[in-house]
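Before any comments, here is the structure.
If you read the sequence from its start, that first residue is 1, and numbering goes on from there.
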Amino acid sequence: MSSESTVETLVTNAYLVVESRGASAEQKATGITDVEAAQAAGREIDGGWLAVAEGRVHSVGRMGEPMPSAQRTVDAGGRVLTPGLVNTHHHMYQNLTRAYAPAINGTLFQWLTTLYPKWSVLDDESVYLSTYVACAELLSGGCTTSSDHMYVHPRPNLIDAQISAVSDVGFRFMANRGSMTRSVEDGGLPPKEVVQDEDTILADSERLIGAYHDPNPGAMTRVALAPCSMFSVSESIMRSTAELAEKHDVRLHTHLAEDTDEDAYALEVYGRRPVEYFEDCGWATPRTWVAHYVYGSDEENRRLAAAGVGATQCPSSNMIICGDAADAKSLRGMGMDVGIGCDGSASADSADLWMETRTALLLARHRHGPDAFTAREALNMATEGSAANLGWSDEIGHLRPGACADLVIWESSWLSQTGVLTDPVEGWLRSGPARAHWVFVQGKERLSQGELLLERLNDVVTAHRAAAAHMQGVS
Ligand SMILES: [Zn+2]
């Protein structure tokens, strides 16, 4: 595991989580704990080091074992070090309408119809600012890769502005070219200012794939195609988007089974349940992951799991706005990849993946009982599960040698960790809050000792305040 070569960065003295998995059922039956199993298998190293070279994990080992020489050494001070968390559902532009008073106590549909007119003033400047703020916020919560479902397009080239922002931050990103075709006039929810015709959507999708989708290893930007939801797009754009994704070998994303209102809408408009409609449109494929997925039936869950469709649980958003959440434990038990998303800032009002991971732990135990789900399973959702959602499991979501060097050294308040002596990973997720203390993306330092290394951040936040005030109609 070690080497004589010189690496760029060596992190020492960490509680190193290479990959997140606990004890097997057989091990648990013999009394082996999660932490014992993980350490015995080398998935976790108490007193570990990790070497970074050329943006990748070069090697890992235990203190005392030979380490490569390094240009720079970072002492983790015994802190927990995990793979960077991966966010698989967000609407970054919505941080311009956080906690917007007229919308905060409505249903999903009421919330959307209140905010769509506000979002119609989006332009490339406000999209740049909101994306920059979102990436900075995500980095602070230990997230190193995010997708973003950008489906409101009152003006052209807004995703280009997003790519500009993520490039300035140095964040790994999967842009989701969202779309809406069905305005109020056509029986949908959004006003006509924020929808587009099908030819425009498909042409821009191809343009964005050509300009920004990097299929190569170590890519910093990729593109997925993402009609918003069945109640805001036509059946033909669902079908043609799936065909375009197949043609260009990119991923597919949409909202599915988020709210019981959706069941009634699908039965009335399409004469089918949402999942049946989704399958009939050609979407039940391994290139698809869906957001929320709360209300699938047991039989529908099994069908989508068998088809290779992944799901993103959005814990806070679902509890704030729809009242239930995806049954992650059961879906994982069926073989489905389940990741974690913070969802749009206007519904969840926070973009903190540590908090969403902890909430995923609570939801699973609340539903299934105290022996049903562990911190390592929740962390597995936020790392390997989310990476699988994005079709990126080979490179992100773990820290095995060869992985992208996307990693987080965590800091919790010293009082909250007092008494955590036997299981650092359970302690990390149960006894927080935890914040990122050091973050590397592709081996490059983006946050150091709790401080974001973003020169423009203060200026961007000031400009974001002005853009949000304009959108919300306040001074
Ligand atoms: Zn969403």
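Using modelled atom types, one side-chain atom of Tyr270 and one backbone atom of Met230 make a donor-acceptor pair closer than 3.5 Å. With hydrogens and angles disregarded, a donor-acceptor distance shorter than 3.5 Å links the side chain of Asp259 to the backbone of Asp261. In this structure a side-chain-to-backbone donor-acceptor pair under 3.5 Å is missing from Thr107 to Ile321. Between the side chain of His437 and the main chain of Trp410, no donor-acceptor pair closer than 3.5 Å is present. With hydrogens and angles disregarded, a donor-acceptor distance shorter than 3.5 Å links the side chain of Thr181 to the backbone of Ser234. Looking at Thr30, its side chain does come within 3.5 Å of a backbone N or O of Gln27 through a donor-acceptor pair. Judged by distance alone, with hydrogens and angles left aside, the side-chain atoms of Arg365 form a donor-acceptor pair with the main-chain N or O of Phe373 at under 3.5 Å. Using a distance-only test at 3.5 Å, with no hydrogens or angles considered, no donor-acceptor pair links the side chain of Ser232 to the main chain of Met180. Listed for the Thr241 side chain is no donor-acceptor partner under 3.5 Å among the backbone atoms of Met238. With hydrogens and angles disregarded, no donor-acceptor distance shorter than 3.5 Å links the side chain of Thr288 to the backbone of Ala284.
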Worksheet item: Run the side-chain contact (heavy atoms from CB on, under 4.5 Å) check on Asn301 and Asp327 step by step: do they pass?
Response: CA-CA 10 Å; Asn301 296 346; Asp327 183 354; over 6 Å; no
Item to complete: Starting from the C-alpha separation in whole Å, work towards a yes-or-no answer on side-chain contact (heavy atoms from CB on, under 4.5 Å) for Leu158 and Tyr93.
Response: CA-CA 10 Å; Leu158 297 183; Tyr93 71 89; over 6 Å; no
Worksheet item: Are Arg177 and Ile201 close enough, and set up right, to give a side-chain contact (heavy atoms from CB on, under 4.5 Å), and what steps lead you there?
Response: CA-CA 9 Å; Arg177 204 303 176 183; Ile201 291 165; 4.0 Å; yes
Worksheet entry | Derivation and outcome, side-chain contact (heavy atoms from CB on, under 4.5 Å), residues Trp428 and Arg79 | CA-CA 9 Å; Trp428 165 75; Arg79 294 177 178 86; over 6 Å; no
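In this structure, the side chains of Val11 and Trp438 stay at 4.5 Å or more apart for every pair of heavy atoms. With contacts defined as side-chain heavy-atom distances shorter than 4.5 Å, the pair Asp148/Thr131 does not qualify. Under the 4.5 Å side-chain criterion, counting only non-hydrogen atoms from C-beta, Arg273 is in contact with Asp263. For the pair Thr383 and His398, the minimum side-chain heavy-atom distance is 4.5 Å or more. A 4.5 Å side-chain heavy-atom check between Leu379 and Leu85 finds at least one atom pair inside the cut-off. The shortest side-chain heavy-atom distance between His255 and Glu262 does not fall under the 4.5 Å cut-off. Counting heavy atoms from C-beta outward, Asn380 and Arg21 have side chains that approach closer than 4.5 Å. Counting heavy atoms from C-beta on, the side chains of Asp214 and Met220 never come closer than 4.5 Å.
Taking the six-membered ring where the residue is Trp, the centroids of His248 and His213 are separated by 6.0 Å or more.
Thr114 OG1 to Ile104 CD1: the interatomic distance, rounded to the nearest 0.5 Å, is 11.0 Å. For the atom pair CD of Glu258 and CG of Asp324, the computed distance is 12.0 Å after rounding to the nearest 0.5 Å. With rounding to the nearest 0.5 Å, the separation of CD in Glu19 from CZ in Arg43 is 6.5 Å. From Ser316, atom OG reaches atom CD of Glu356 across 3.5 Å, with rounding to the nearest 0.5 Å. Rounding to the nearest 0.5 angstrom, the gap separating the CH2 atom in Trp289 from the OG atom in Ser147 is 5.0 Å. To the nearest 0.5 Å, atoms CD1 (Ile237) and SG (Cys228) are separated by 13.0 Å.
Using the six-membered ring where Trp is involved, Tyr151 and Tyr116 have ring planes that are perpendicular, over 60° apart on the 30 and 60° scheme.
Checking Arg172, Arg56, Lys444 one by one against Asp406, the salt bridge (Lys or Arg N to Asp or Glu O under 4.0 Å) holds for a single residue, Arg172.
Remark: His366 engages no residue in a side chain to side chain donor-acceptor pair (under 3.5 Å) (not counting sequence neighbours).
Minimum interatomic distance between Ser317 and His292 (heavy atoms only, all atoms of both residues): OG-CE1, 4.1 Å. Taking all atoms of both residues into account, the shortest heavy-atom contact from His149 to Thr254 is CE1-CA, 4.3 Å. Considering all non-hydrogen atoms of both residues, Val57 and Cys404 come closest at CG2-O, 4.2 Å. Heavy atoms only, all atoms of each residue included: Gly42 and Ile45 are closest at O-CG1, 4.3 Å. Closest non-hydrogen pair, Lys118 versus Tyr100, comes out as CE-OH, 3.0 Å. Across every non-hydrogen atom of Ala378 and Ile340, the tightest pair is O-CD1, 3.9 Å.
The list of salt bridge (charged side-chain N to carboxylate O under 4.0 Å, His left out) pairs with a residue in residues 133-143, not counting sequence neighbours, reads Arg98-Glu137. Note on residues 237-251: pairs passing salt bridge (charged side-chain N to carboxylate O under 4.0 Å, His left out), not counting sequence neighbours, are Glu206-Lys247, Glu235-Arg239, Glu246-Arg287, Asp249-Arg287.
Remark: Arg358 does not engage Asp352 in a salt bridge, criterion side-chain N to carboxylate O under 4.0 Å. For Arg62 and Asp46, the salt-bridge test fails: no basic side-chain N is under 4.0 Å from an acidic carboxylate O.
Between Glu300 and Tyr295, the side chains place no donor N or O within less than 3.5 Å of an acceptor N or O (distance only, hydrogens not considered). Using modelled atom types and a 3.5 Å distance limit, the side chains of His90 and Asp343 yield no donor-acceptor pair. Neither side chain, Glu384 nor Ser20, offers a donor N or O lying under 3.5 Å from an acceptor on the other. With 3.5 Å as the limit, one finds no donor-acceptor pair spanning the side chains of Asn389 and Asp337.
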